Amino acid sequence: MRRAIALALEGVSGNQGGPFGAVIVKDGVIVGESFNRVLATNDPTAHAEVGAIRAACRKLGTFELHGCELYTSCEPCPMCLAAAYWARLDRVHYACERADAARAGFDDSLLYDEVAKAMPERKLAFGQMLRDEGLAAFQAWLDKPDRTQY
């Protein structure tokens with residue numbers, strides 16, 4: 001956890017992005033780490049947790065991180081939480097809570113609230129189109145005999 005916090009401070013001092021750092025650990029060894037790089041990359045998805053997951057997956061040569069744990073300087077935002085689930089991490093450890101982040105200007109309450117709403121009630125407009133044509137990709141996947149399940 002101390003490394004994740006140090007990374008958060010490193011990101012702030014280098015004006016890379018917000019005050020967030022994260023590490024992925026497997027068998028007591030750090031296999032991926034990152035700090036928030038949103039400002040440095042102009043990428044709103046360049047959060048510390050996502051960067052650490054990407055680094056760990058590259059290092060381990062896999063898209064699943066079974067047997068790994070995430071240490072993050074703050075409770076993950078909804079995007080990073082979803083990424084942790086997709087990566088199939090065993091556990092998430094965090095230092096600060098989402099309320100601490102909100103006090104520092106990083107309030108994710110809108111996202112938590114929006115996810116719970118039905119699509120027509122969300123602030124971001126959604127519209128479905130060309131579903132029948134879009135289903136062709138799913139059928140191609142189902143027909144592919146050598147697909148990798150994940």
Side-chain angles (χ1 to χ4, degrees), residues 1-131 134-135 137-138 141 147-150:
M1 183 60 75
R2 287 187 179 95
R3 178 62 183 153
I5 294 168
L7 285 164
L9 290 167
E10 184 180 333
V12 170
S13 68
N15 201 29
Q16 300 289 313
F20 304 96
V23 298
I24 304 289
V25 174
K26 182 172 181 146
D27 300 325
V29 176
I30 293 175
V31 294
E33 64 178 35
S34 184
F35 50 77
N36 183 296
R37 288 185 166 88
V38 169
L39 298 177
T41 61
N42 291 319
D43 178 354
T45 67
H47 289 200
E49 297 90 340
V50 171
I53 288 168
R54 289 175 178 163
C57 287
R58 272 193 309 273
K59 181 170 185 162
L60 299 175
T62 183
F63 59 87
E64 292 182 332
L65 296 175
H66 292 291
C68 295
E69 298 185 3
L70 168 64
Y71 292 79
T72 181
S73 63
C74 188
E75 180 181 354
C77 74
M79 177 185 71
C80 293
L81 178 61
Y85 274 100
W86 282 116
R88 293 168 177 81
L89 291 162
D90 288 0
R91 187 173 176 94
V92 175
H93 307 271
Y94 59 94
C96 298
E97 300 171 349
R98 68 174 91 159
D100 301 317
R103 280 190 293 278
F106 298 91
D107 188 355
D108 295 327
S109 60
L110 170 72
L111 298 173
Y112 285 102
D113 293 344
E114 287 289 294
V115 168
K117 294 178 182 176
M119 276 198 215
E121 298 171 7
R122 293 180 182 168
K123 290 185 187 283
L124 181 61
F126 285 82
Q128 186 177 24
M129 57 191 298
L130 301 177
R131 180 176 180 264
L135 287 172
F138 287 118
W141 173 256
R147 68 182 180 261
T148 301
Q149 290 295 119
Y150 63 96

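This is a predicted model, so every value here is computed, not measured.
More than 12 heavy atoms of other shown residues, nucleotides or ligands fall within 6.0 angstrom of atom OH in Tyr112. In Arg122, the CZ atom is crowded: over 12 heavy atoms of neighbouring residues, nucleotides or ligands sit closer than 6.0 Å. For Arg147, the CZ atom counts as densely surrounded, since its 6.0 Å shell holds more than 12 non-hydrogen atoms of other residues, nucleotides or ligands.
Side-chain contact between Pro19 and Phe106 is present, with heavy atoms from C-beta onward closer than 4.5 Å. Proximity of Ile53 to Trp86: side-chain heavy atoms (C-beta onward) are nowhere separated by under 4.5 Å. Looking only at side-chain heavy atoms (C-beta outward), Leu89 and Ile24 come within less than 4.5 Å of each other. Residues Asp108 and Arg98 form no side-chain contact, since every pair of their non-hydrogen atoms from C-beta on lies 4.5 Å or further apart. Side-chain contact between Thr72 and Cys80: absent, with no pair of heavy atoms (C-beta onward) separated by less than 4.5 Å. Within the 4.5 Å cutoff, the side chain of Arg103 has heavy atoms near those of the Asp100 side chain. Using a 4.5 Å heavy-atom threshold, the side chains of Val50 and Thr45 count as separate. Put simply, the side chain of His47 reaches to within 4.5 Å of the side chain of Asn36, judged on heavy atoms.
In this structure, Lys26 and His66 approach most closely via the heavy-atom pair NZ-O, 3.8 Å. The nearest pair of heavy atoms linking Tyr150 to Arg88 is C-NH2, 3.3 Å. Across all non-hydrogen atoms, the minimal contact from Val92 to Pro76 is CG1-CG, 4.0 Å. Closest of all the heavy-atom pairs between Gly32 and Ala55 is CA-CB, 3.9 Å. Residue Ala22 comes nearest to Leu7 through the heavy atom pair O-CD1, 3.6 Å, listed as atom of the first residue, atom of the second, then distance. Across all non-hydrogen atoms, the minimal contact from Cys74 to Ala101 is SG-CB, 3.8 Å.
With hydrogens and angles disregarded, a donor-acceptor distance shorter than 3.5 Å links the side chain of Ser73 to the backbone of Gly21. When atom types are taken as modelled, the side chain of Asp90 and the backbone of Gly67 share a donor-acceptor pair closer than 3.5 angstrom. Panel note: side chain Glu114, backbone Lys123; a donor-acceptor pair is recorded below 3.5 Å.
Residue Glu64 holds its CD atom at 9.0 Å from SG of Cys57, rounded to the nearest 0.5 Å.
The aromatic rings of His93 and Tyr71 sit parallel, their planes meeting at an angle under 30°, below the 60° perpendicular limit.
Relative to the ring axis of Phe35, Arg37 places its NZ or CZ within 45° and under 6.0 Å from the centre.
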